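Single-structure report; data block below.
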There are 2 protein chains.
Amino acid sequence: MPATIDDVAALAGVSTATVSRALRGLPNVAVATREKVQRAADLLDYVADPAASALAAGRTATLGLVVPGMGRWAHARMLEVVQDRAGAAGYDVLPVTLASAAAREFFLTRHPFRRRVDGLVVAEVPLDGAELLRLGEGRPVAAIGLDAPEVDTVVADDARGIAEATTHLLSLGHVDIAFIGGGSSDARLVAPAARRSAFTSTLATAGIEEVVHRVVESQASSTGGAAALSLLLDEVDPPTAVIVASDEMALGAMEVARSRGLDLPGDLSVVGVDDQPVAQFVGLTTVHRDVARMAARACDWVLERLDGSDVPARHEVVATSLVKRGSTAPPRTR
Amino acid sequence: MPATIDDVAALAGVSTATVSRALRGLPNVAVATREKVQRAADLLDYVADPAASALAAGRTATLGLVVPGMGRWAHARMLEVVQDRAGAAGYDVLPVTLASAAAREFFLTRHPFRRRVDGLVVAEVPLDGAELLRLGEGRPVAAIGLDAPEVDTVVADDARGIAEATTHLLSLGHVDIAFIGGGSSDARLVAPAARRSAFTSTLATAGIEEVVHRVVESQASSTGGAAALSLLLDEVDPPTAVIVASDEMALGAMEVARSRGLDLPGDLSVVGVDDQPVAQFVGLTTVHRDVARMAARACDWVLERLDGSDVPARHEVVATSLVKRGSTAPPRTR
DNA sequence: GTGAAAGCGCTAACAA
DNA sequence: TTGTTAGCGCTTTCAC
């Protein structure tokens with residue numbers, strides 16, 4: 001059996017309260033006492049039982065991270081970042097995957113996070129402000145990619161990035177551009193709608209009357225991207241350029257184009273979103289999103305509130321930028 | 001304040017012991033009583049405090065997952081799979097990243113998992129049998145990609161896959177083949193050494209005297225792959241084919257080759273390892289590893305032991321297979 | 001089938 | 001500065 005606080009107290013010749021104070025670095029402990037306790041703890045290889053601490057203190061020292069899954073690079077990266085920041089502050093992070101509406105409903109009604117985490121960051125899971133508050137049950141919540149005045153939020157400036165991408169394609173001379181959305185047209189996610197409207201309004205304000213454009217929706221996976229582009233290529237007059245809602249989808253789209261014998265970027269320019277490491281290595285032009293920064297912000301905000309900060313909800317927009325690579329070029333004149 | 005077991009007991013008109021039994025589905029509870037308790041719990045939106053349960057029962061209902069990081073696709077996927085299996089059995093999963101030797105040392109000596117998880121799966125973190133046992137402290141441990149007779153292990157048949165890949169290149173007519181390893185030549189990881197020796201011995205037994213080959217080591221990232229290939233291409237007589245220890249590294253290598261004006265696969269054939277989804281979309285020939293299966297096995301084994309099973313340590317080798325795609329072709333005759 | 005009661009190992013007043 | 005003493009909210013014998 002592992003040593004308990006009583007063992008340490010006995011060995012150090014002090015009370016358990018003193019051991020608790022000394023080991024947690026609380027003030028009002030004599031230096032000599034603290035050292036004595038520390039030695040005893042080391043000797044016994046003592047580690048406080050997190051469950052007992054949590055029960056007594058009412059804090060679990062863990063943060064919840066709610067994501068739609070680990071399949072997308074961005075979400076895995078967010079976990080890394082949150083683990084890092086939270087870990088430095090002494091918190092564990094408990095990730096949870098909420099992919100389906102059923103899973104979300106279960107979480108909202110059965111409260112598996114109740115008394116299990118001290119605060120949570122929710123990333124790109126379609127939940128509105130009221131739902132986030134319900135999820136939080138009084139604990140600090142920060143959301144990534146969601147629009148909720150009630151809690152801290154950080155979102156990427158997707159609109160700006162897509163507008164840039166659209167302008168880029170127009171300036172290359174494309175007049176027939178398509179947009180492939182990431183499926184989840186759920187209004188609670190800010191990115192999908194922002195991207196779509198940035199695309200259409202940029203084309204509209206470009207003032208080029210003869211620009212042809214179309215918007216299709218598909219699943220946010222490489223398969224989804226492939227399927228959507230297939231549809232577009234089947235049309236009588238396929239687009240010469242396409243903006244795709246994520247790098248994963250863009251890769252799927254590129255593969256379909258190649259397998260149909262298209263020359264990239266000659267026959268088709270492709271733009272993605274995220275700028276995951278792979279994008280660089282396949283030469284994909286993409287809208288860079290600072291995923292690490294978003295995750296760090298959200299995590300830090302939760303930590304701050306856990307530390308007693310009680311400011312009104314903050315909302316940050318993180319800049320995006322278009323990274324031009326080889327997957328975009330002027331359209332081949334037919 | 002959330003409802004406690006006492007609230008439920010009072011509302012249902014029974015003792016807390018009965019509530020505890022009823023809600024956990026234990027036997028020896030009258031049907032009527034169970035329903036009454038369930039109704040009270042629902043009404044009060046009651047959820048048992050995990051900390052209190054853990055303290056009282058001595059079980060945390062959470063599994064630890066130790067990985068070198070979330071950056072590689074394979075590890076993110078393993079987390080997904082373990083979350084899935086463990087979740088179905090009522091366990092949370094607490095992932096922990098152990099990248100540096102310092103972090104491993106900290107974990108081994110400070111026991112942050114003590115009383116925090118009931119069992120753990122360790123994936124591709126360089127730890128030997130004794131260290132795994134230390135980490136486990138009596139709890140069930142399953143390891144992925146490690147060689148430890150003391151605990152359950154599951155490894156991919158990397159040797160087989162690399163041998164197949166090598167044979168494939170030889171049969172295409174390559175006589176100058178290089179191997180780029182994943183850096184961690186740590187003997188506690190089985191894959192690196194297995195791959196290297198499979199490569200060299202396959203070439204040796206091929207009996208082709210004039211085959212030129214070299215082995216270099218680099219970091220297990222796209223940057224690492226790029227750097228290693230750069231070195232090889234700088235040599236007077238660069239290889240016509242290269243086997244790279246992961247898909248990420250392979251992508252980096254491909255990018256370097258292209259940026260030097262090489263035609264792929266004409267001037268250089270590339271083979272990766274893992275077969276992550278992206279590999280398909282960039283047409284990368286690669287050694288498929290059934291990551292999901294390995295994770296599921298490891299997780300299930302831990303769960304079984306938690307369930308009381310006490311069989312001797314099991315060791316499974318999961319088959320690999322070469323997936324041929326466009327990144328490999330006969331060498332261009334110079 | 002159900003209840004009473006004794007902890008699980010720690011933290012946090014409150015005293016001293 | 002340190003010790004005493006209640007709990008924190010459950011689970012689990014052991015009676016009944």
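Note on naming: letters A, B, ... go to the chains in the order of the sequence lines (proteins, then strands), and numbering restarts at 1 for each one. Please read all numbers here as calculations on a predicted model, not as lab measurements.
- Pairs passing the side chain to side chain donor-acceptor pair (under 3.5 Å) check and including a residue from residues 83-92 of chain B, sequence neighbours excluded, read A/Thr97-B/Gln83, A/Arg116-B/Asp92, B/Arg85-B/Asp300.
- Residues forming a side-chain contact (heavy atoms from CB on, under 4.5 Å) with A/Val14 (at least two apart in sequence, or on another chain): A/Ala12, A/Thr18, A/Val19, A/Thr33, A/Lys36, A/Val37.
- Note that the CG atom of B/Leu98 and the CD atom of B/Glu124 stand 14.0 Å from one another [nearest 0.5 Å].
- Taking atom CG on A/Asp6 and atom P on C/dG7, their separation rounds to 13 Å, with Å as the unit.
- Counting 5' to 3', DNA chain D first comes under 4.0 angstrom of a heavy atom of chain B and last does so at the ends given by D/dG9 to D/dT13.
- Each salt bridge (Lys or Arg N to Asp or Glu O under 4.0 Å) pair with one or both residues in residues 55-70 of chain B, not counting sequence neighbours, would appear here, but there are none.
- Of the side-chain N and O atoms in B/Ser15, one or more sit less than 4.0 angstrom from OP1 or OP2 of C/dG3.
- Take A/Ala143 and apply the side-chain contact (heavy atoms from CB on, under 4.5 Å) test, not counting sequence neighbours, and it matches A/Leu132, A/Leu146, A/Val151, A/Thr153.
- Taking only side-chain nitrogens and oxygens, A/Thr16 never comes nearer than 4.0 Å to OP1 or OP2 of C/dC10.
- When each of B/Pro27 and B/Ala52 is assigned the nucleotide of DNA chain C bearing its nearest heavy atom, the one mapping closer to the 5' terminus is B/Pro27.
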I'd like a list of close polar pairs between nucleotides 14-16 of chain C and the protein, N/O only, cut-off under 3.5 Å.
none

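- The stretch residues 35-51 of chain A has no heavy atom under 4.0 Å from DNA chain D, so no residue of it qualifies as close.
- Every residue two or more places apart in sequence or in another chain that forms a side-chain contact (heavy atoms from CB on, under 4.5 Å) with A/Glu131 is listed here: A/Leu108, A/Leu127, A/Asp128, A/Arg188.
- By the side-chain contact (heavy atoms from CB on, under 4.5 Å) test, B/Asp42 pairs with B/Gln38, sequence neighbours left out.
- The list of ring-ring contact (aromatic ring centres under 6.0 Å, His included) pairs with a residue in residues 92-127 of chain B, not counting sequence neighbours, reads B/Phe107-B/Phe113.
- Minimum atom distance to the side chain of A/Ala17 is reached by C/dA13, of the listed C/dA13, C/dT2, C/dG9.
- Every residue was checked against the side chain to side chain donor-acceptor pair (under 3.5 Å) condition with B/Ser53, not counting sequence neighbours, and none meets it.
- Rotation axes derived from the C1' atoms of the five outermost pairs at either end of the helix from C/dG1-D/dC16 to C/dA16-D/dT1 lie 30° apart, to the nearest 10°.
- No more than 12 heavy atoms of other residues, nucleotides or ligands lie within 6.0 Å of CD in A/Gln219, so this atom counts as exposed by the packing criterion.
- Nucleic acid contact for A/Ala30: sugar-phosphate only, since backbone atoms but no base atoms lie under 4.0 Å from a heavy atom of the residue.
- More than 12 heavy atoms of other shown residues, nucleotides or ligands fall within 6.0 angstrom of atom CZ in B/Arg314.
- In terms of phosphate contacts, A/Ser20 brings no side-chain nitrogen or oxygen within less than 4.0 Å of OP1 or OP2 of C/dC10.
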